[in-house]
Number of protein chains: 2
Amino acid sequence: MERGKLWTVEAVAERLGVTPRTLHYYEEKGLIPEVPRTPGGHRVYDEDTIERIEHILRLKEALGYSLQEIRSILSTEDQLKTYRARIAEGREPEHNVQMLSESVRLLEDVVRHIDDKMMRLAAMREHYMDRLTRIRARLEREEEATKAVEFQDQKGE
Amino acid sequence: MERGKLWTVEAVAERLGVTPRTLHYYEEKGLIPEVPRTPGGHRVYDEDTIERIEHILRLKEALGYSLQEIRSILSTEDQLKTYRARIAEGREPEHNVQMLSESVRLLEDVVRHIDDKMMRLAAMREHYMDRLTRIRARLEREEEATKAVEFQDQKGE
DNA sequence: TCAGAAACTCACGTCAACGTGAGGTTTAGG
DNA sequence: CCTAAACCTCACGTTGACGTGAGTTTCTGA
């Protein structure tokens, strides 16, 4: 996993299964910071940015968040990073507790959202599994019946 | 649960947390069969139709299916019902196995889709939980530190 | 019976999340 | 050094899933 490798739009797009337009769009909408350019103006993506985009796509596809919501989630995550940095630097230590509490609240929110979604999914899975089991049983009986008929046919030849 | 109770659009809309327009739209797009009318042309919903709409909303909100995909899922479910009916009637018994196998395939597909989604969610949940635990621990330490400082302050008064 | 609430049918509006050229510039390989 | 492929920036187009009146008709309860 060559560290420091750089990517073109098309390469990133192919790797992530999206189009270059989507990458431009995310940048345009502020979901990712302005991507560095070559002297000629071509975008150059590094691994960190790509991971951020992967994160966005997961939030979008797995959780069904809108880009609006994703931007808000990401911005709070960025906030958390800033907090961590400031805390690490030891500046404004009187606000550490407040900042950390805020972080906890935000993360708990996301987890709650995920849990909610998982419960709905579990319920639906159960629903479909019930039907599946019933039909499988039924199928097995039918196959037995078919075999029996074939046996009869053979006897009749 | 009064069986046979009938509902107006507005009542259904309120019960399901959508607008009348949405109900009209689903009918327009063939997601639900044409709803029966009063002599004057007002729609009258029965419990079966409402359950179908609830099902649609679950597929949409929990699984993130598009209405297109939902229509295809529902149409295969309807197909399954036709199969069941025909099997129950004992007509064309030579196709039972084939129809049942098809049903199994369709249901397995939906379940696979659900499983896939749940796994992604589980992964994301873990990711966020990790961060949450770390921050909570950090917060606890900070709170201890704050209390210690307060204690110092009291001594200093 | 009759007024006001609720429904109906167009049909155009909207918003997010990109798609799609057009027209011009940069880059990489031979 | 040169050309084809890749990239750039507008800026308008598209699609899905409804929203939003306008104008008219139907329903319901006092």
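Here is how names work: the chains are called A, B, and so on, in the same order as the sequence lines, proteins then strands, and each is numbered from 1.
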- For A:H42 and for A:Y26, locate the closest nucleotide of DNA chain C by heavy-atom distance; then report the residue assigned to the nucleotide nearer the 5' terminus. A:Y26
- Residue met sooner reading DNA chain C from 5', once A:G40 and A:Y65 are mapped to nucleotides: A:Y65
- Query: Will you find, in the side chains of A:S75 and A:S72, an N or O donor that is under 3.5 Å from an N or O acceptor?
  - Reply: no
Spacing of [X] atom [atom1] relative to [N] atom [atom2], expressed in whole Å:
| X | N | atom1 | atom2 | value |
| --- | --- | --- | --- | --- |
| B:L23 | C:dC8 | CG | C1' | 14 Å |
| A:L59 | C:dA17 | CG | C1' | 16 Å |
| A:L31 | C:dA17 | CG | P | 9 Å |
| A:L16 | C:dC18 | CG | C1' | 16 Å |
| B:Y25 | D:dA17 | OH | P | 5 Å |
| A:K29 | C:dA17 | NZ | P | 9 Å |
| A:H24 | D:dT9 | NE2 | P | 6 Å |
| B:E27 | C:dA7 | CD | P | 14 Å |

Of all the choices, [options], which nucleotide is nearest to the side chain of [X] once you look at every atom?
| X | options | result |
| --- | --- | --- |
| B:L67 | D:dC7, C:dG19, D:dA17 | D:dA17 |
| B:R37 | D:dT9, C:dC8, D:dA11 | C:dC8 |
| B:S66 | D:dG19, D:dA17, C:dT9 | D:dA17 |
| B:R21 | D:dC8, D:dG19, C:dT20 | D:dG19 |
| B:T22 | C:dC8, D:dC18, D:dC7 | D:dC18 |
| B:V9 | C:dA7, D:dC8, D:dA17 | C:dA7 |
| A:T8 | D:dC8, D:dT20, D:dC7 | D:dC7 |

- Parallel, tilted or perpendicular, as decided by the 30° and 60° cut-offs, for the rings of B:Y65 and B:H113: tilted
- Message: Is the ring pair B:H55/A:Y128 parallel, tilted or perpendicular, if the boundaries are 30 and 60 degrees?
- Response: tilted
- Message: Do the side chains of B:R71 and B:D78 get close enough for a salt bridge, i.e. N-O under 4.0 angstrom?
- Response: no
Would you say [N] has OP1 or OP2 under 4.0 Å from some side-chain N or O of [X]?
| X | N | answer |
| --- | --- | --- |
| A:R43 | D:dT9 | yes |
| B:T38 | D:dT26 | no |
| B:K60 | D:dG16 | no |

- Message: B:E108 and salt bridge (charged side-chain N to carboxylate O under 4.0 Å, His left out): which single residue from A:R131, A:R136, A:R125 fits?
- Response: A:R136
